[in-house]
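Beneath this line is the structure, given in C-alpha cells, with notes to follow.
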Amino acid sequence: MKKNEILRRIPKIDEVLKAGGLELLFAGAGRTVVTEAARSVIQDLRNEILKMSPEELEEFDIQRMDIEAVANRVIAYMEQEDCNNLYPVINATGTILHTNLGRAPLCKEAVENVAAVSKGYSNLEYDVEAGKRGSRHNIVSKLICELTGAEDAMLVNNNASATMIVLSAMAEGKEVIVSRGELVEIGGAFRIPDIMEQSGATLRDIGTTNKTKPSDYVNAIDPEKTGALMKVHTSNYRIMGFTEEASLEDLVAIGKEHDLPVIFDMGNGLMVDLQKYGLDEPNVPASLNTGIDVMLFSGDKLLGGPQGGIIVGKKKYIEKMKKHPLARALRVDKMTFAAMEETLKKYRDTEKAMRDIPILHMITEPADSMERRANKLAEAIAAKNNRVHAEVIPVQDQIGGGSAPMVYLPGFGVAVSSDDISTPSMEKQLRENDMPIVARIHDDRLLLCVRTIGEEEVQTVADAFEGME
Ligand SMILES: *Cc1c(COP(=O)(O)O)cnc(C)c1O
C-alpha cells in the first residue's frame, strides 16, 4: 500500500473520541486529557508510517487504522501514562542497604504513621496544648536525646545536609582539622573537602593517608584560625597494614585542652551493638559517650529509618544550627518526622528494635531460618517452571549503602539455571515482572539471595518464573 494512502486512512481525533470504550476514560481522567492522549497517539502513528521502508509499507496491516484499533491505543497510552515512575521492587540481591533500591525499608508502624499523619492535617508546627505556634524541631529531639544521652538533637534532610549545617554553624571562616586518611567520598557528589568548601570552613588536612597521630592535630592547632577538630568515619573503605589514627577519646582530650569543639561524622547511625554479628562498627550512644561535642549520622543506613540526617550533641551548638539560615533549606517534611519517630521509638527496647526494624532483622536473621526460606523458594520455582533448575546454595550477603565494606554475612540463596533460557534473559524477565525483581548473576546462574526477600514475597518471586521462556 502507498504511504499517502495509509496516511489518509488515519482516523481524525473527533472520530477516535467518539469510539466506544473511551467514555470511561472521559469520566475518570477528563475530556481534555483524553483528547491530548488521542492527539499524541495519532501523531506517533503518523511518524511511524512516515519512517517506514517500502517493505514495511507492503506488509502494513491497514486494520491498525480502524477507529477501534486506534481508540485501544489511546486506552493503552493512558494506562501507561498513569504508571508511577517510583514503585516497589523486590530486592533479591542480598545487599541490605541497597542505595539504588532506596536503602532501608521502613518498619510497619513507621509506614502506618506516615499515612496517618500525611493524609490530613497534623500538628507539625502547632502546639496543640498551648493553642499556638510550635516548632517541628521538637518532634524527635527529646526522643533522640533519651536514646543517645545527648543534650540536644536536630533532624535534617540527610547526613550530607547535616555535615553542611554543622560546619557552617560551627566553623564558618575558620579551619577544621581532619586527617588525610579520612577525606571520604561517599558517592554522588559527597566529598568531605568539597562539602567543607561549600560550608565556608577551610579544610586543614593533617597526617598521611595511612598514619595520623594525636600530635598531628595538636601541631596543626592555631588559636587564631582553628574552629574545630573533626573525625570522619571511613564508612565505605578501610585502610589496613601500617596504620595509625587518633581515637575519639584522643580528639576529645585535645579539644578540651585547647578549648575547641570536636565533631564526629559517624555516617551509619548504628544504635545498637552488633559486634556479635561480625559488625565492627561504631555505634551512636557509645561514640557520644566519649564526650564528643557534636556528632552526625544518616537516618536510612544502619538506623533503619527514613532518609534523614541526625545531629546530636551539646545544646549550645545544636541551638546555633536550629537558628542557622540553612536550617530552613535543609528541613524535613512531616512524612519524614512521622517515619522517624516510630522508628526511633523501637529503640526504647533493643529486642523490639532487632525484631521490628527490617534492616536489623535482616542483619541478624539466623542461618536456619534463611535456609528454610531458600528451600521453600527453590521448591516453589521448580513447581512453576520445569524448564529451570533451582538449587539452594550458601551465599555471602553484604550490608551495602556504603557501610561495613569488609563484612560478609553468611546467608542462603537459590541459584537458577536453565538449558533453554539464557541467564541474562531470566534476569531481564524478572525485572520486567509486574512486581519487578532485582537479582544478580553469579557464576553464569541467576542468584536469588533470600536475606532481602521477605517471607511474603517468596511466592511472588516463584510466580515470576511461570511461563518464562
Ligand atoms: C553515608 C555517609 C554520609 C552521607 O550520608 P547521606 O545520608 O547519604 O547524605 C556522610 N558521611 C559519612 C561518613 C557517611 O557514611
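Excluded from the calculations below are hydrogen atoms, water molecules and symmetry mates; all remaining heavy atoms, backbone and side chain alike, are included. Throughout, numbering of the chain's residues begins at 1 and tracks the sequence. Counting convention: from 1, in listed order, for ligands and their atoms alike.
For the pair N157 and S161, the tightest heavy-atom approach, listed with the atom from each and the gap, is CB-OG, 3.4 Å. Considering every non-hydrogen atom in both K211 and D216, the closest pair reads O-OD2, 4.4 Å. Counting all heavy atoms, side chain and backbone alike, A462 lies closest to L377 at N-CD1, 4.1 Å.
Taking atom 11 (N) of ligand 1 as the reference point, the nearest protein heavy-atom neighbour is D265 OD2, 2.8 Å. From the protein, the heavy atom lying nearest to atom 14 (C) of ligand 1 is K301 NZ, 3.0 Å. Residue, atom and distance of the protein heavy atom nearest to atom 7 (O) of ligand 1 are S298 OG, 2.7 Å.
Between N159 and ligand 1, at least one N/O pair is under 3.5 Å apart. For H233, no nitrogen or oxygen atom sits less than 3.5 Å from a nitrogen or oxygen atom of ligand 1, counting backbone and side chain alike. By the 3.5 Å distance cut-off applied to N or O atoms, S235 is counted among the residues near ligand 1. An N or O contact shorter than 3.5 Å links A160 to ligand 1 by distance.
Side-chain contact check for N113 and E109: no donor-acceptor pair (N or O, by modelled atom type) lies under 3.5 Å. A side-chain N or O of E281 and one of N268 form a donor-acceptor pair less than 3.5 Å apart. There is a side-chain donor-acceptor pair under 3.5 Å between S247 and D250. A donor-acceptor contact closer than 3.5 angstrom links the side chains of Q429 and S425. Defined by atom type and a distance below 3.5 Å, a donor-acceptor pair is missing between the side-chain atoms of N385 and E466.
Within 6.0 Å of CG in D368 there are more than 12 heavy atoms belonging to other residues, nucleotides or ligands.
Heavy atoms of I186 come nearer than 4.0 angstrom to ligand 1 in at least one pair. Under a 4.0 Å heavy-atom criterion, Q307 is not in contact with ligand 1. Remark: distances from the non-hydrogen atoms of K231 to ligand 1 are all 4.0 Å or more. Ligand 1 lies out of reach of T163, whose nearest heavy atom is not under 4.0 Å from it.
Only side-chain heavy atoms of R103 come within less than 4.0 Å of ligand 1; its backbone N, CA, C and O stay farther off.
Atoms of ligand 1 lying under 4.0 Å from at least one heavy atom of F190, given by number and element, are 10 (C), 11 (N).
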